[in-house]
2 protein chains.
Amino acid sequence: MARPDTRERILQAAERLFAERGFAETSVRAITAEADANLAAVHYHFSSKENLLEEVLLRRIGPIARRRLELLDALERERGERPAPVEKILEALIRPLFELGPRSSGERRRLARLFGRAFLEESAPGSKRALRRLERAYRRFYAAFRKALPELPEETLHWRVHFIFKSLPSAFLNPMRFHPAGNCDLSGRAFSDARAQERLQREWIAFAAAGLRAAAPNREEEKEGGASP
Amino acid sequence: MARPDTRERILQAAERLFAERGFAETSVRAITAEADANLAAVHYHFSSKENLLEEVLLRRIGPIARRRLELLDALERERGERPAPVEKILEALIRPLFELGPRSSGERRRLARLFGRAFLEESAPGSKRALRRLERAYRRFYAAFRKALPELPEETLHWRVHFIFKSLPSAFLNPMRFHPAGNCDLSGRAFSDARAQERLQREWIAFAAAGLRAAAPNREEEKEGGASP
DNA sequence: GTCTATAGTTAGATAGAC
DNA sequence: GTCTATCTAACTATAGAC
């Protein structure tokens with residue numbers, strides 16, 4: 001287990017600090033101190049702080065996006081002409097977050113923060129390229145859901161896929177911030193223990209699949225009063 | 001329509017800039033320039049930049065959290081001993097975001113970014129107090145769902161409420177970032193037009209209610225191989 | 001590749017006149 | 001309450017020795 005080289009140590013330190021404090025709040029000085037590297041090394045290896053952020057994001061998002069598409073491809077090949085069941089599509093969407101994500105609860109939390117920031121800073125120079133990766137995946141998954149649920153109105157399906165995609169990073173990567181009144185504390189255990197993670201995935205798949213399959217809501221044009229024209 | 005006083009102008013400018021660029025990325029100078037106020041005015045009225053952030057957040061989150069609880073109270077009074085239908089509970093959760101939120105699509109987007117940042121920066125001094133408000137609401141809503149769905153295992157319900165709460169700000173306040181392959185562009189219209197907003201609320205309530213009501217997933221302890229002991 | 005030293009900028013905060 | 005002027009501290013980035 002040799003000590004990683006300077007470049008790698010900087011990437012690791014930057015990921016940790018960007019996630020914890022934010023991009024602007026993290027100084028290059030803090031990164032190099034944490035990485036036990038010299039101040040100038042960041043500019044030598046990455047040429048700018050912005051560029052370093054981009055590398056940090058791509059290193060994480062790239063493999064997840066790739067794996068999602070791999071799983072979806074395999075699923076579609078296996079099914080041939082028949083549409084895939086929504087549960088299987090949802091599984092392709094979520095498994096990579098656990099397979100390729102960090103192991104510990106603390107690391108998982110950090111990754112959530114990192115992704116969350118990237119979404120908020122979607123137009124920032126460092127985030128753009130990384131988010132394109134996810135965008136491509138979105139279209140493929142939308143098509144798969146469309147095929148699996150041909151009876152749903154276009155707009156309804158659109159919203160449902162929207163709800164699902166939007167909730168993914170926060171629901172999965174972030175431990176629960178709010179605890180219920182009861183004594184059921186899921187935040188720590190659920191995100192670290194392998195079996196609990198399996199459980200969490202099954203819970204989410206059941207929840208999302210039911211939401212997707214629900215009958216489309218009525219399209220009452222006026223809500224109060226008002227007869228038709 | 002008199003021009004708001006300095007304090008108010010600063011609050012508005014700060015909200016806009018914090019949401020768009022982030023807290024650390026926004027200088028007090030930029031805020032006062034935008035608010036057409038003097039540099040020193042921020043420290044006179046709020047005593048620090050951190051404090052200004054706290055005021056900005058509370059001004060938005062406070063009324064929403066209050067209104068949610070009002071609606072839930074009214075619903076429970078009306079129902080008496082009988083549990084409220086999940087659709088009604090979900091409505092109490094989401095209506096205030098539209099009633100009290102900003103009118104235009106651009107403003108709504110800003111609010112989403114502001115809340116998103118607050119969640120990410122949950123432990124930062126400026127965000128803490130504002131988030132406590134939402135935390136209190138969480139417990140009340142959890143209890144209402146618990147009563148409405150007594151047959152669900154505790155942990156399953158917990159996760160479902162978790163999914164719902166986590167998805168709320170991103171799913172509602174943020175226009176869709178990714179567009180589907182089709183020509184159905186919801187991002188602009190759906191968030192500004194009043195009728196489209198009604199539609200969006202109905203879509204979400206149908207989706208979430210179905211997810212909540214789904215049968216709990218089986219509790220297979222081992223996923224692969226392994227017979228029971 | 002790694003380091004020291006520093007240039008050049010910008011930040012939050014404040015003192016004190018009005 | 002509002003303004004000007006200024007303090008002090010921190011930052012990114014780079015030049016140049018080793």
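Proteins get letters first, then strands, A, B, ... in listed order; numbering begins at 1 in each.
Residues satisfying the salt bridge (Lys or Arg N to Asp or Glu O under 4.0 Å) criterion with A:Glu203, sequence neighbours excluded, are A:Arg199. The side-chain hydrogen bond (donor to acceptor under 3.5 Å, both in side chains) check on B:Arg146 picks up nothing, with sequence neighbours excluded. For B:Arg117, the side-chain hydrogen bond (donor to acceptor under 3.5 Å, both in side chains) partners at least two apart in sequence or on another chain are A:Glu121. Checked against side-chain hydrogen bond (donor to acceptor under 3.5 Å, both in side chains), A:Glu87 has the following partners two or more places apart in sequence or in another chain: A:Arg213. For B:Glu8, the salt bridge (Lys or Arg N to Asp or Glu O under 4.0 Å) criterion is met by B:Arg59, not counting sequence neighbours. Considering only residues two or more places apart in sequence or on other chains, B:Glu70 meets the salt bridge (Lys or Arg N to Asp or Glu O under 4.0 Å) condition with B:Arg67.
Non-hydrogen atoms lying under 4.0 Å from DNA chain C are contributed by A:Asn38, A:Ala40, A:Tyr44, A:His45, all within residues 36-45 of chain A.
Between B:Val42 and B:Leu52 the shortest heavy-atom distance is CG1-CD2, 4.3 Å.
As judged by a 4.0 angstrom heavy-atom cut-off over every strand, B:Thr26 is placed among residues touching the sugar-phosphate backbone only.
Note on residues 21-37 of chain B: pairs passing side chain to side chain donor-acceptor pair (under 3.5 Å), not counting sequence neighbours, are B:Arg3-B:Asp36, B:Arg16-B:Glu34.
With a cutoff of under 4.0 Å to any heavy atom of chain A, the contacted region of DNA chain C is bounded 5' to 3' by C:dG1 to C:dT4.
Between the CZ atom of B:Arg29 and the P atom of D:dC7 there is a distance of 13 Å, given to the nearest Å.
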